[in-house]
Amino acid sequence: MDPRVAQFMETVKEKNPAEPEFYQAVEEVAKSLIPYIDENPKYKHAKILERIVEPERVIIFRIPWLSDQGEIEVNRGFRIEMNSAIGPYKGGLRFHPTLNLGVLKFLAFEQVFKNSLTTLPMGGGKGGANFNFKGRSDNEVMRFCQSFMTELCRHLGPNTDIPAGDIGVGGREIGYLFGQYKRIRNEFTGVLTGKGLELGGSLIRPEATGYGAVYFAEEMLKTRGEFLKGKTVLVSGSGNVAQYTIEKINDLGGKVVSLSDSNGSIYDPDGIDKDKLKFIIELKNIKRGRIKEYAEKYGCEYLEGQRPWGIKCYAAFPSATENEITEEDARLLIANGCKVVCEGANMPSTPGAIDVYMEADILYGPGKAANAGGVAVSGLEMTQNSMRLTWSREEVDKRLKEIMQNIHATCVKYGKEENGFVNYAKGANIGGFVKVADAMLAQGVV
Ligand code: NDP
């Protein structure tokens, strides 16, 4: 490792004990930024890197609530307000039993760069709770969301901090959170994005992350005269991002043959068509069932406890969670002919996996660029809320596509190497950094 990066990481580790996911995200960015900062000493003198890894504020709070049996349950809530140099804090809420401070800090850190890449005026944040909705009734989820928002609401505001969804937080949870915010603050404002249409939500927001990832992949492929049409594609996860990734790949004539959840994967060589996707959306968003039920219904293979990366494919869209593609998985993907990895999830590839993509010279779209479509349309939802206007589906989709094309162009601008190879990871890191760093410089030592 570059000794400058190693030295910087020592200080990060010392200050932030036991946060491995945060170290991973910071190191990946530092590898691109430290050489760039050395060439641009104004950032070095202002200690921008040292400041950007330190959250502006971390809020940790108790969430007491009553189960259907009348038992008192206690969860822990978090909000990381990472950086507000270019706009109010913006980033999703995650409800997952394994959630902890280090995971949220990695997500908030990534969010700062991602939001900057969209070119919209949004700072970075992330939050959530160690809550497991599995096996909980709708009423329990509602009471939990109300208790969560009762504390969090004092830190939010349409010009201060605007959360959205993430793993375990979809339309149902956003609705409950919005209702409680409105009740306490007596304000109907755009303080959350990903809202239902009747609450001021934007068309295309549910689709945005998945559609955006596919638009980004198409842009990368164009640079090599390729496209997704007629190609076999792997998708992991089966939630919001996975569902709309499949929809857009189908629209473009590709064939998705896999999906997964935390119990296993399905392999459907015939492809997940429109009707099958409808079944998945119902299964996951309404019945809240397991992906195994897809294999039972359509008589295809179910890979218990496995991820889908051993299946032959042209492109892979990891869309479940962090570190879901290991170095070994990446080698399997390459050996099976994979030419593109486009990250719908945040940090789904381990550092070893990324090294394998680079060695193999395949197209690798890092999450902070490839999945920025979700937050971009959240930004458009904020704009519509402020204007008290609703744009059409076509209008939002057009803007989303343009934003993804611009992010791609930024990655090429900052990531093109002398031999012509585009290092999208480097391009996204530097491209996302510059605007935030310049805004921090302009604001002095704050
Ligand atoms: P959902 O909760 O809708 O779906 C998550 C999916 O991933 C589920 O199928 C879930 O399976 C699976 N999953 C979650 N945790 C694990 C795990 N530890 N191991 C294996 N599978 C797991 O979340 P989203 O689709 O919204 O988010 C997916 C990814 O995309 C995350 O990395 C998120 O941060 C990222 N992302 C989301 C955005 C959005 O707009 N929603 C925007 C940008 C990035 P199970 O049902 O078994 O839990």
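Note that ligands are numbered from 1 as they come in the structure, with each ligand's atoms numbered from 1 the same way.
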Any non-hydrogen atom of [X] lying under 4.0 Å from ligand 1?
| X | result |
| --- | --- |
| E322 | no |
| A372 | no |
| K134 | yes |
| Q243 | no |
| M347 | no |
| G170 | no |
| R307 | no |

Where is the tightest heavy-atom contact between [X] and [Y], given as atom of each residue plus distance?
| X | Y | value |
| --- | --- | --- |
| M82 | V112 | CG-CG2, 3.7 Å |
| L192 | I174 | CD1-O, 4.0 Å |
| A372 | T118 | O-CG2, 3.9 Å |

Review item, side-chain donor-acceptor pairs of residues 301-318, under 3.5 Å, at least two apart:
from, atom 1, to, atom 2, distance (Å)
Y302, OH, N263, O, 3.4
W309, NE1, E324, O, 2.9
Y314, OH, E226, OE1, 3.4

Is there a donor in the side chain of [X] and an acceptor in the side chain of [Y], or the other way round, less than 3.5 Å apart?
| X | Y | answer |
| --- | --- | --- |
| Y364 | E343 | yes |
| T193 | S378 | yes |
| N323 | T350 | no |

N or O contact, [X] vs ligand 1, cut-off under 3.5 Å:
| X | result |
| --- | --- |
| S319 | no |
| S238 | yes |
| K126 | no |

[atom] - nearest protein heavy atom and its distance:
| atom | result |
| --- | --- |
| atom 38 (C) of ligand 1 | T209 OG1, 3.7 Å |
| atom 20 (C) of ligand 1 | S262 CA, 3.6 Å |
| atom 37 (C) of ligand 1 | V241 CG2, 3.5 Å |
| atom 14 (C) of ligand 1 | I167 CD1, 4.1 Å |
| atom 16 (C) of ligand 1 | T321 CG2, 3.6 Å |
| atom 13 (N) of ligand 1 | A320 CB, 4.1 Å |
| atom 41 (N) of ligand 1 | N240 OD1, 3.6 Å |
| atom 32 (O) of ligand 1 | N346 N, 3.2 Å |

Side chain, backbone, both or neither: which part of E324 comes within less than 4.0 Å of ligand 1 when only heavy atoms are counted? neither
Ring geometry between Y244 and Y211 (parallel below 30°, tilted from 30 to 60°, perpendicular above 60°): perpendicular
What orientation do Y298 and Y294 show, parallel under 30°, tilted 30 to 60°, or perpendicular over 60°? tilted
Apply the test ring pair (Phe, Tyr, Trp, His ring centres under 6.0 Å) to residues Y424 and H408: give CA-CA distance (whole Å), side-chain angles for both, the deciding distance (0.1 Å), then the verdict. CA-CA 8 Å; Y424 286 93; H408 180 268; 5.2 Å; yes
Indicate every side-chain donor-acceptor pair of residues 94-105 with a distance under 3.5 Å to a residue at least two apart or in another chain.
from, atom 1, to, atom 2, distance (Å)
R94, NE, D166, OD2, 2.6
R94, NH1, E322, OE1, 3.1
R94, NH1, E322, OE2, 3.4
R94, NH2, D166, OD2, 3.1
H96, ND1, T98, N, 3.3
H96, ND1, T98, OG1, 2.9
N100, OD1, G102, N, 3.1
N100, OD1, V103, N, 3.0
K105, NZ, N16, OD1, 2.5
K105, NZ, E19, OE1, 2.8

Proximal ligand 1 atoms for G237, defined as those under 4.0 Å from one of its heavy atoms: 9 (O)
Just which atoms of ligand 1 are under 4.0 Å from any heavy atom in R94? 31 (C), 32 (O), 33 (C), 34 (O)
Salt bridge (Lys or Arg N to Asp or Glu O under 4.0 Å) partner of E395, chosen from R393, R399, K398: R399
